[in-house]
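Okay, structure first, notes after.
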Protein chains: 2
Amino acid sequence: MKNIINQVGEKLKAKEYKLTPQRQQILEVMLENKDKHLSAEDVYTLVKRKAPDVGLATVYRTLELFLEHDIIHSVDFGDGRKRYEYGDNSDRHHHHHAICLKCGKILEINEDLLEELEKQVFKDYNFVVIDHELKIFGYCGECKR
Amino acid sequence: MKNIINQVGEKLKAKEYKLTPQRQQILEVMLENKDKHLSAEDVYTLVKRKAPDVGLATVYRTLELFLEHDIIHSVDFGDGRKRYEYGDNSDRHHHHHAICLKCGKILEINEDLLEELEKQVFKDYNFVVIDHELKIFGYCGECKR
DNA sequence: CTAAGTGCAAAGGATTTGCAAAACA
DNA sequence: TGTTTTGCAAATCCTTTGCACTTAG
């Protein structure tokens with residue numbers, strides 16, 4: 001993980017940004033929670049545990065910065081807040097979410113099931129697909145009866 | 001259209017709700033803009049033209065009511081506000097959006113391209129699909145070069 | 001040293017809510 | 001008449017911004 005932090009540090013430095021302790025802590029939190037979908041508030045709470053002095057505004061500003069540099073990406077489950085995940089957008093192309101309507105659990109669907117569909121959209125609508133975002137709603141194994 | 005308004009009126013009355021003039025105006029606006037994706041503010045502006053006295057809160061409350069009764073449904077393009085369309089959720093199942101990254105135009109993709117995918121998600125993840133929502137990002141015919 | 005980054009508190013935008021007045025059934 | 005519904009304004013929630021202070025490089 002140290003490795004990744006350094007890599008990201010280089011990535012930022014290359015673009016005239018500083019890798020401050022706050023940014024590093026926020027990055028660590030994102031790395032430690034790769035599988036979660038953290039809201040800004042969640043990140044704030046987690047970072048506070050390591051560094052009680054960080055401000056919420058810094059968290060927002062840092063997430064925005066990471067977003068611009070494709071260090072993280074954001075998803076929106078329609079619950080009124082953005083959620084963030086470590087990893088760049090190219091991952092997202094092959095990574096969708098199934099949201100359980102009963103327990104709220106979110107499954108990662110890690111296949112790209114939409115290649116065929118993209119071709120079809122191009123053919124039928126003359127629309128060049130760059131990215132897509134798919135949310136699936138239903139019942140997970142535990143909640144269906 | 002009168003027809004549809006009456007139908008919806010019955011639908012509401014059957015459930016102990018009243019079809020007030022305000023609600024009727026809001027419904028008319030939704031019907032006159034089937035193809036658009038109106039925000040609450042948009043609806044408010046349009047309704048004001050017919051009935052200058054309606055309040056924004058009433059618009060929000062009415063949209064919420066219509067949503068609960070499957071008269072309209074909502075979509076979220078991630079721009080920080082909900083958007084509303086006439087038609088119930090069963091339409092949505094066969095109705096997706098392609099969003100142009102350059103001009104912002106939104107194309108309706110009116111095919112269900114995801115039947116196969118639903119089967120696969122059930123098989124691979126033991127997840128019963130009730131609904132899905134697909135957003136496609138890219139360049140429309142006019143904007144691609 | 002000095003531009004970039006920070007924390008705080010205040011501002012912002014979308015949506016919700018409390019409440020007294022108004023209106024449907 | 002008795003609930004519902006309304007309009008208004010205030011409140012709320014998430015996010016952004018202004019500003020004086022601090023810090024990384």
Find the distance [X]:[atom1] to [N]:[atom2] and express it as a whole number of Å.
X     : N      : atom1 : atom2 : answer
B:Q24 : D:dT4  : CD    : C1'   : 17 Å
A:R83 : D:dC14 : CZ    : C1'   : 12 Å
A:K82 : D:dT16 : NZ    : C1'   : 11 Å
A:D76 : D:dT15 : CG    : C1'   : 13 Å
A:F77 : D:dC14 : CZ    : C1'   : 17 Å
B:Y44 : D:dT6  : OH    : C1'   : 13 Å
B:I26 : D:dT6  : CD1   : C1'   : 11 Å

DNA chain C: 5'-proximal contact among B:K18 and B:R81 (nearest heavy atom)
B:R81
Along DNA chain C (nearest heavy atom to each residue), the more 5'-positioned of B:G80 and B:T20
B:G80
Could you go step by step and tell me if A:Y17 and A:R23 meet the side chain to side chain contact (heavy atoms under 4.5 Å, CB included) rule?
CA-CA 10 Å; A:Y17 290 98; A:R23 287 175 180 176; 4.0 Å; yes
Looking at five pairs on each end of the helix from C:dC1-D:dG25 to C:dA25-D:dT1, what is the angle between the two axes, given to 10 degrees?
30°
Got a second to check how far A:C140's SG is from A:I106's CD1, nearest 0.5 Å?
11.5 Å
Between A:E142 and A:K105, is the salt bridge (Lys or Arg N to Asp or Glu O under 4.0 Å) condition met? List the steps.
CA-CA 10 Å; A:E142 284 156 39; A:K105 189 175 11 200; 3.2 Å; yes
Assign the ring pair B:H97 / B:F77 to parallel, tilted or perpendicular, where the plane angle (0 to 90°) is split at 30° and 60°.
perpendicular
Side chains of B:H69 and B:E64: any donor to acceptor distance under 3.5 Å?
no
In sequence, state the C-alpha distance, the side-chain angles, and the governing distance for B:M30 and B:Y84, and then conclude on side chain to side chain contact (heavy atoms under 4.5 Å, CB included).
CA-CA 8 Å; B:M30 296 311 293; B:Y84 303 87; 3.7 Å; yes
Within the structure, does a side-chain N or O atom of B:R23 lie under 4.0 Å from either OP1 or OP2 of D:dT5?
yes
With sequence neighbours excluded, tell me which residues meet side-chain contact (heavy atoms from CB on, under 4.5 Å) with A:N126.
A:F122, B:K144
List for me each residue that meets side-chain hydrogen bond (donor to acceptor under 3.5 Å, both in side chains) alongside A:N33, sequence neighbours excluded, and say none if there are none.
A:K36
Side-chain heavy-atom pair B:F127, B:V129 within 4.5 angstrom cut-off
yes
Got a sec? Which of residues 51-67 of chain A come in under 4.0 Å of DNA chain C, heavy atoms?
A:D53, A:V54, A:G55, A:A57, A:T58, A:R61
Min and max contacting nt of DNA chain C in 5' to 3' order, chain A heavy atoms within under 4.0 angstrom, are C:dA3 to C:dC8
By salt bridge (charged side-chain N to carboxylate O under 4.0 Å, His left out), which residues pair with A:D42, not counting sequence neighbours?
A:R83
For A:E41, report the nucleic acid contact type (base, sugar-phosphate, nothing); a contact means any heavy atom under 4.0 Å.
nothing
I'd like to know if A:K50 and A:E32 make a salt bridge, using a cut-off of under 4.0 Å between side-chain N and carboxylate O.
yes
